[in-house]
Trainee: 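Would you mind keeping the following structure in view while I ask a few things?
Reckoned from all heavy atoms, side chains included, excluding hydrogens, waters and symmetry mates.
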Amino acid sequence: MPMATDDTPGRDGTPPEPGGEPRREPPGGTGGADRGPGGAGRPADRRPMPPESRSQDRQDGAGSAADEAPTAGTDQAAGPGGAEPQVTGRQRLVAGLWPPRLTRAQLIVALLLFILGLGLAIQVRSTSDNSALRGARQEDLVRILDELDNRSQRLTDEQRRLEGQKTELENSSDQAEEARKQTVEKEQQLGVLAGTVAAQGPGINLTINDPTHSVEADKLLDTVQELRAAGAEAIQINDVRIVADSYLSDVRGGVEVDGKRVTQPYRFKVIGKPEDLEPALNIPGGVVQTLEKEQATVSVSRDEKIIVDALREAKRPDYARSSSR
């Protein structure tokens, strides 16, 4: 009996597979057949699909799945029964910084930084107070330093003089006579300071011309104070003696000194050390520069003999009495 070869058609009349085995129907007969309108089935087309078509089908299937995935995930997140929304990095950062969680160590560090900043601010402010001297020229700084040295020297000389008087009183054989001499000398010194006696000695002449009448009483008072600080022992403005209780006030067309009217030009006679008085008036930002800003003309000259002859009446105090015995 002849053997069936690989080219023998199957039972349904279809040619065999290329692999050599005949095609077999699955159980059930017509499970893979298409049914026509009359219910009769016909064999399904089981021919192999070309590789190009299979690849195209896979790509189309993957693209459809990828298009549907975000929609499903979005619907699930947006739905009331879905999963919680994902927290972003900014939200996590805000949640970590607020509300702040301060510890005891952080509070101590903040307090120390505040104290350090306050100390630096105070130091900067105290340093900036000397800004006027920083902008001065070298010649001006030397002049100011010389003035300070001269003041220190005057105080040292006064101390030595007082110590010498004390030694003379202690060592004098006739202490009563020595005390009388010192009392007379002291009376003359106090008379010069009180303006009850005339005085003469080296000093300066200061003249202030004020054609615009812009120099007021406060500017003249600043001049008197600067001269006293420089060591002036007797001061006279025009024909008025300046003493400890002198006052200056503005009036129409001039200035009053102790109730007496003085007009420009204002002439100052000052007894003291000329080497101290003149530089004190010419320091940067001092009296001369201030008066020149007021459109006034200032002239200063040294003289070996200045006579201060304006006198003040000595008034006996009503209530004050000497406490020395």
Trainee: For the side chain of Q289 and the backbone of P284, is there at least one donor-acceptor N/O pair under 3.5 Å apart?
Mentor: no
Trainee: So, do K305 and I307 sit near enough that their side-chain heavy atoms are less than 4.5 Å apart?
Mentor: yes
Trainee: Can you confirm whether the side chains of D157 and Q153 place a donor and an acceptor under 3.5 Å from each other?
Mentor: yes
Trainee: Got a second to check how far S299's OG is from N205's CG, nearest 0.5 Å?
Mentor: 8.5 Å
Trainee: Between V287 and V298, is there shared hydrophobic-cluster membership here, with clusters defined by ILVMFWY side-chain heavy atoms closer than 4.5 Å?
Mentor: yes
Trainee: Atom CG in D303, atom NZ in K269: separation rounded to 0.5 Å?
Mentor: 10.0 Å
Trainee: Looking only at heavy atoms, which two atoms of L193 and E233 are closest? And how far apart?
Mentor: CD2-O, 3.8 Å
Trainee: What's the spacing between L112 CG and L107 CG if we round to 0.5 Å?
Mentor: 11.0 Å
Trainee: Is there a donor-acceptor pair closer than 3.5 Å between any side-chain N or O of S214 and the backbone N or O of E294?
Mentor: yes
Trainee: In the single-linkage hydrophobic clustering (I, L, V, M, F, W, Y; side-chain heavy atoms under 4.5 Å), do V270 and V215 co-cluster?
Mentor: yes
Trainee: Can you tell whether the side chains of R151 and E147 come within less than 4.0 Å, N to carboxylate O?
Mentor: yes
Trainee: Consider only side-chain heavy atoms of I, L, V, M, F, W and Y, link residues closer than 4.5 Å, and tell whether V262 and L221 are in one cluster.
Mentor: yes
Trainee: Should we count CD of Q225 as having more than 12 external heavy atoms under 6.0 Å?
Mentor: yes
Trainee: With distance as the sole test, does E256 use its side chain to make a donor-acceptor pair with the main-chain N or O of S249 at under 3.5 Å?
Mentor: no
Trainee: side-chain contact (heavy atoms from CB on, under 4.5 Å) between V224 and I237: does it pass, once the steps are laid out?
Mentor: CA-CA 9 Å; V224 173; I237 301 178; 4.1 Å; yes
Trainee: Any non-hydrogen side-chain atom of D210 less than 4.5 Å from a side-chain atom of T212?
Mentor: yes
Trainee: Treating D250 as the side-chain partner and A217 as the backbone partner, does any N or O pair qualify as donor plus acceptor under 3.5 Å?
Mentor: yes
Trainee: Just how far is it from atom CD of Q188 to atom OG1 of T196, taken to the nearest 0.5 Å?
Mentor: 10.5 Å
Trainee: Does CD in E163 sit with more than 12 non-hydrogen atoms of other residues, nucleotides or ligands closer than 6.0 Å?
Mentor: yes
Trainee: Looking only at atom types and distance, does a side-chain atom of Q236 sit under 3.5 Å from a main-chain N or O of D309, one as donor and one as acceptor?
Mentor: yes
Trainee: Between the side chains of R161 and E158, is the shortest nitrogen-to-carboxylate-oxygen separation below 4.0 Å, so that they form an ion pair?
Mentor: yes
Trainee: Side-chain heavy atoms under 4.5 angstrom apart, residues restricted to Ile, Leu, Val, Met, Phe, Trp, Tyr: same cluster for I242 and V192?
Mentor: no
Trainee: Compile the donor-acceptor pairs under 3.5 Å between side chains in residues 275-283 and protein atoms, sequence neighbours left out, one pair per line.
Mentor:
residue, atom, partner, partner atom, Å
D276, OD1, N150, ND2, 2.6
D276, OD2, R154, NH1, 2.5
E278, OE1, R302, NE, 2.4
E278, OE1, R302, NH2, 3.1
N282, ND2, E278, O, 3.3

Trainee: When you measure from the side chain of Y266 to the backbone N and O of L206, does any donor-acceptor pair fall under 3.5 Å?
Mentor: no
Trainee: For the atom pair CZ (R160) and CG (L155), what is the distance rounded to the nearest 0.5 Å?
Mentor: 12.0 Å
Trainee: With a sphere of 6.0 Å drawn around CD of E139, does it hold more than 12 non-hydrogen atoms of other residues, nucleotides or ligands?
Mentor: yes
Trainee: Taking only Lys NZ, Arg NE, NH1 and NH2, and the carboxylate oxygens of Asp or Glu, determine whether R312 and D258 approach each other closer than 4.0 Å.
Mentor: yes
Trainee: Return the OG1 to CD1 distance between T223 and I235, rounded to the nearest 0.5 Å.
Mentor: 9.5 Å
Trainee: Does atom CZ of R261 have more than 12 heavy-atom neighbours, drawn from other residues, nucleotides or ligands, at distances under 6.0 Å?
Mentor: yes
Trainee: Do I271 and V257 land in one hydrophobic cluster if side-chain heavy atoms of ILVMFWY residues count as linked below 4.5 Å?
Mentor: no
